[in-house]
Amino acid sequence: MSKFQFPQSIASRPVYGTLAPRPGKAHLMMADAEGAEALLDLAAQAGARDSGLMAKAHILYLPRQTGEAFVDRLRALNPAQFYVGPSFDAALPRLRRVLSDAHMGLQVYLAGTEGLIGRAAAELAAAGIPVGSVQTEHRGSVARRMQCVHCKGITEDVITDPFVCAHCGLNLFVRDHYSRRLAAFQGVCIDAEDPGNVPEPVELYR
Amino acid sequence: MTIQFNDETFRDDYSFRNSPWAIKRFPFPFHEDSYMYSVNMEQHRGGPAGSVFEKRFDVDEHYISEMRDRAIVLAEDPLRCQSLPHMTLAGWDLLELIMVSKSEDYPDLFQLYRDGNRWRWVNKPLGIDDSFTFMDETTLPHGPMEYITRQTQGDFAVLDQRDDNLWMDAGMITTQADWSLDFDIGMNFFEWHAPVPLAHEMGIFKRALKFLMNVQQGAPARRLNWTMTVNPLLDTSPENYHKWGIQKTELTAENIGAKQHLRVELQTFYRLPRSNALVFPIRCYLIAFQDLVTMPKWGRRLHRVIRDLPEELATYKGFIANRPLMLEYLSRFDDGLPTSPGVWADLETEPPLQK
């Protein structure tokens, strides 16, 4: 079980729930790494009530560091369409193509890291999918997707605070302030008022 | 009166100065000897002659230099001005509001001639004389919001109203107290205020949102907000914080009177007619401590407010490290005498400093 209970935070910080099967004409499921476990749980819940869920499901799965651990079990759910991809960027053209055909009644299920959930949610919003038909569940790493407020570059999978911006090299501290449009938290220079005084990085939520 | 425009800078050599006229009309934000958050809204229907509240969009001696500073910021970072695609109509609404207001309130400086949709706009201080077609973007050098806010002091947040909330969907933000339009664009009222401490728990934002969603056409509202800035720096943006943050450490007992500025925002709120958007101008006024304390009441009161401010607020406003230095300076201008209620300096009736 890889569920992490995030402490309560400020109003812009996303909160995540638990996926539950809903009636719908089509079901789009996207997950990365341990997010697969949330989809397996979803299918198990649905199995008891709605055996048609997977027959109308399209799964986009990005195993990342989990490799083959969950791939066969997801395939065994017999979704109507099953895609396994190496990265979000690689999966993006396919996601957009799927959304271009989306109709009223589509249900969306996002599971995994905050970076995956946030980027997919931003694509869904841009495509006009109503937020009420999107469910999210966090699983796996608590790493964050961070925007450097100074150079605007995005650093993926940030696991410590502070961290070094992958683009401009500034030492940034990790804020909880979050932009849905950018699908990123905000990183701000930590030593602007005392150059060189950078605290030892600490793993997030440790 | 005719305004004598200053030739001054808000960066590098910081030649910004307030004249005695500007000091006297400064919008001092504290109506009593202490400060806590409140939804301190009032109708924006003019104010005492000569005050910054008198006109709909106050123009003062800093106008030309502030517009020059804005142009510098935009040249360095065009992301300070953004408008999501559905906000263009609100941009035209804003252009109309400002052109009509300024041409009526300052006819010697600004003129607007309208013949149907064919408009001519004359801005004498900036030497602009443009003819264009209202609602036709191709006839202006920039989008309508950017065009008019390059000619109007203050930041502008343009808020869409839908789903019982306000959404920060467009803005011109170059003189901000440390928040990023590029990051916050698209957020709702609670999201973009998320980093503010204490006020959420106090219910401030729920009440403020309720008030703002009910602002009607022709009935604008206003409030004051404040913070502290070392040097008269308009562009205290998070984008450039790694460059200006160090200036906060350069205060000394000798230079604090000239370097430390009280930064006051006159925030106004107007309903826009076609888009039903709400425009939120945030006008920044700066005053050096040494100028502010020439008004004895303001010197006494500022000392008491800064001394008694809760630690969270001093931290959020970014001056917790400099507070001891500020208090050391300001205490010299507080003789313990009582102060009259209200924000006005009351120079004729308040006693001079007794020490």
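Everything numeric here is computed off the predicted structure, so don't read it as measured data. Labels below follow one simple rule: chain letters A, B, ... track the order of the sequence lines, proteins then strands, and each chain is numbered from 1.
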Checklist entry - Taking everything shown except B/E311 itself, do over 12 heavy atoms lie less than 6.0 Å from its CD? => result no
Checklist entry - Relative to chain A, which segment of B/L79 carries a heavy atom at a distance below 4.5 Å: side chain, backbone, both, or neither? => result side chain
Next on the checklist: For the interface with chain B, which of A/H177, A/R13, A/Q147, A/K152 has the highest count of heavy-atom pairs at distances below 4.5 Å?
Outcome noted: A/H177
Item to check | Residue pair A/V149 / B/P238: nearest heavy atoms and the distance that separates them | outcome: CG1-O, 3.7 Å
Checklist outcome for this item: In this structure, CE of B/M187 is separated from OG of A/S179 (nearest 0.5 Å) by 4.5 Å
Next on the checklist: Looking at B/E201, I'd like to know if its CD atom is crowded, meaning that more than 12 non-hydrogen atoms belonging to other residues, nucleotides or ligands lie closer than 6.0 Å.
Outcome noted: yes
Checklist entry - For atom CG of B/D164, is the number of surrounding heavy atoms from other residues, nucleotides or ligands below 6.0 Å larger than 12? => result no
Next on the checklist: Quick check on the structure: residues of residues 181-195 of chain A within a heavy-atom distance below 4.5 Å of chain B, by number.
Outcome noted: A/R181, A/L182, A/A184, A/F185, A/Q186, A/V188, A/C189, A/A192, A/E193, A/P195
Next on the checklist: Surrounding CD of A/E203 (heavy atoms of other residues, nucleotides or ligands, distance under 6.0 Å), is the total greater than 12?
Outcome noted: yes
Item to check | Sorted by number, residues from residues 189-199 of chain B in contact with chain A (heavy atoms, under 4.5 Å) | outcome: B/F190, B/E191, B/W192, B/A194, B/P195
Item to check | Heavy-atom proximity to chain A below 4.5 Å, by part of B/D182 | outcome: both
Item to check | chain B contact via A/R175 - which portion, at a heavy-atom distance below 4.5 Å | outcome: side chain
